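Notes to accompany the following structure.
All of these numbers come straight from a predicted model, not from anything done at the bench.
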Amino acid sequence: KPKPGLGSMFAGALGSITAMYGPAALAATAIFKLTQAMTESFSAAKDFSIAMAEISTIADQSIMTLGQMSDSVADLARSTGQTEATVARGLYQTISSGILDSSDALIMLEQSTRLATAGLADTNQTVNLLTSAYNAYGLEIDDVARVSDIMFATVKRGKTTISELASTLGRAMPIAASLGISIEEL
């Protein structure tokens, strides 16, 4: 009778180890995955908390409390698939661009976040793009959705991206506005 080869001896040993340690290995893997998920969750919560603390230093809380802003940011993050910290940083940038009314800032943020999601761009870029238009053209907050639609339509029709528009138009809009060139003409 021939002796078993190395392959069959290894397979037998591996089968014995799996039978002996299988449940323990499975439990260790599950514990590792759970710990990893908890660490990521705590890290995301910490990032969001830091971003909201930064907002508290510049936000006018007479119209909306920090808690209300935080809830709005979390809701917007859930509806757009972006992280809460990313959306909160967008709110900070929105307020620091001169939109001091918290309700208006959240409207601007919502349009910016949705444009970023639809245009595969970064929220900070779209905040820059839309707040530049808002400030350069002296727009009302209700005009921001129209501007967002114009920017998205431009991307659909042309060989450009939202990121490229944010980079170039963010700087060009104040000059264009001063020359009487409309957003549609850009």
Side-chain angles (χ1 to χ4, degrees), residues 30-156 161-167 169-171 173-174 183:
I31 290 169
F32 173 75
K33 292 289 187 183
L34 179 62
T35 303
Q36 188 178 25
M38 289 174 60
T39 300
E40 289 171 6
S41 179
F42 288 137
S43 179
K46 182 181 114 191
D47 291 347
F48 178 56
S49 180
I50 289 169
M52 290 307 298
E54 291 170 353
I55 289 168
S56 74
T57 65
I58 63 170
D60 177 5
Q61 296 180 48
S62 64
I63 297 169
M64 187 179 284
T65 67
L66 188 62
Q68 290 169 317
M69 285 185 265
S70 179
D71 290 345
S72 294
V73 166
D75 290 343
L76 187 54
R78 274 190 294 282
S79 72
T80 59
Q82 297 194 31
T83 68
E84 291 175 341
T86 296
V87 177
R89 285 190 292 275
L91 179 57
Y92 181 91
Q93 185 180 354
T94 300
I95 295 168
S96 67
S97 74
I99 303 175
L100 304 177
D101 179 289
S102 346
S103 296
D104 287 353
L106 284 167
I107 291 169
M108 175 65 78
L109 178 65
E110 180 176 0
Q111 289 300 320
S112 298
T113 305
R114 294 194 186 289
L115 180 59
T117 301
L120 305 173
D122 179 82
T123 296
N124 284 329
Q125 293 172 326
T126 56
V127 166
N128 179 48
L129 179 61
L130 295 181
T131 57
S132 292
Y134 177 86
N135 290 327
Y137 287 93
L139 301 175
E140 298 294 323
I141 200 66
D142 295 333
D143 295 324
V144 175
R146 179 180 63 82
V147 174
S148 177
D149 290 345
I150 290 168
M151 298 303 157
F152 190 72
T154 301
V155 169
K156 279 179 70 174
T161 65
I162 293 294
S163 299
E164 291 169 342
L165 287 177
S167 175
L169 292 182
R171 292 186 303 248
M173 280 192 233
I183 293 172

Atom pair CG (D71) and CG (L106), whose distance is rounded to the nearest 0.5 Å: 10.5 Å
Pairwise distance CE(M108) to CG(D101) - rounded to 0.5 angstrom: 11.5 Å
CG on D60 to CD1 on I95, rounded to 0.5 Å: 9.0 Å
side-chain contact (heavy atoms from CB on, under 4.5 Å) assessment of Q125 paired with I162: CA-CA 8 Å; Q125 293 172 326; I162 293 294; 5.7 Å; no
For the student: nearest non-hydrogen atoms of A118 and F152, plus distance: O-CE1, 3.5 Å
Backbone of N128 reached by a side-chain donor or acceptor of S132 within 3.5 Å: yes
Minimal non-hydrogen separation, S103 against M64, with atom names: OG-CE, 3.9 Å
Separation of L109 CG from T123 OG1 (nearest 0.5 Å): 7.5 Å
From I107 atom CD1 to T94 atom OG1, the distance as rounded to the nearest 0.5 Å: 11.5 Å
Polar side-chain atom of S49 near backbone of A45 as donor-acceptor pair, under 3.5 Å: no
Check: S56 side chain, A53 main-chain N or O, donor-acceptor pair, under 3.5 Å: yes
With L139, the side-chain contact (heavy atoms from CB on, under 4.5 Å) member among V144, L130, I183: I183
L115 and L129: CA distance, side-chain angles, deciding distance, side-chain contact (heavy atoms from CB on, under 4.5 Å) verdict: CA-CA 10 Å; L115 180 59; L129 179 61; 4.2 Å; yes
side-chain contact (heavy atoms from CB on, under 4.5 Å) evaluation trace for I141 with Y134: CA-CA 8 Å; I141 200 66; Y134 177 86; 4.1 Å; yes
Closest heavy-atom pair and its distance - A85, A51: O-CB, 4.3 Å
Gap separating the CD atom of Q93 from the OG1 atom of T131, nearest 0.5 angstrom: 6.0 Å
Validation row: M69, Q61 side chains within 4.5 angstrom (heavy atoms): yes
Exercise: identify the closest heavy-atom pair between A74 and E84: CB-OE2, 3.3 Å
Least distance between heavy atoms, E54 atom then Y92 atom: O-CE1, 3.4 Å
Student check: side-chain heavy atoms of M151 and T126 closer than 4.5 Å: no
S72 side-chain N/O to Q68 backbone N/O, donor-acceptor pair under 3.5 Å: yes
Test log, rule side-chain contact (heavy atoms from CB on, under 4.5 Å), inputs T161 and L120: CA-CA 8 Å; T161 65; L120 305 173; over 6 Å; no
Polar side chain donor-acceptor pair, T113 to Q82, under 3.5 angstrom: no
Salt-bridge present (R78, D75; N to O < 4.0 Å): yes
Minimal non-hydrogen separation, L76 against E110, with atom names: CD2-CA, 3.6 Å
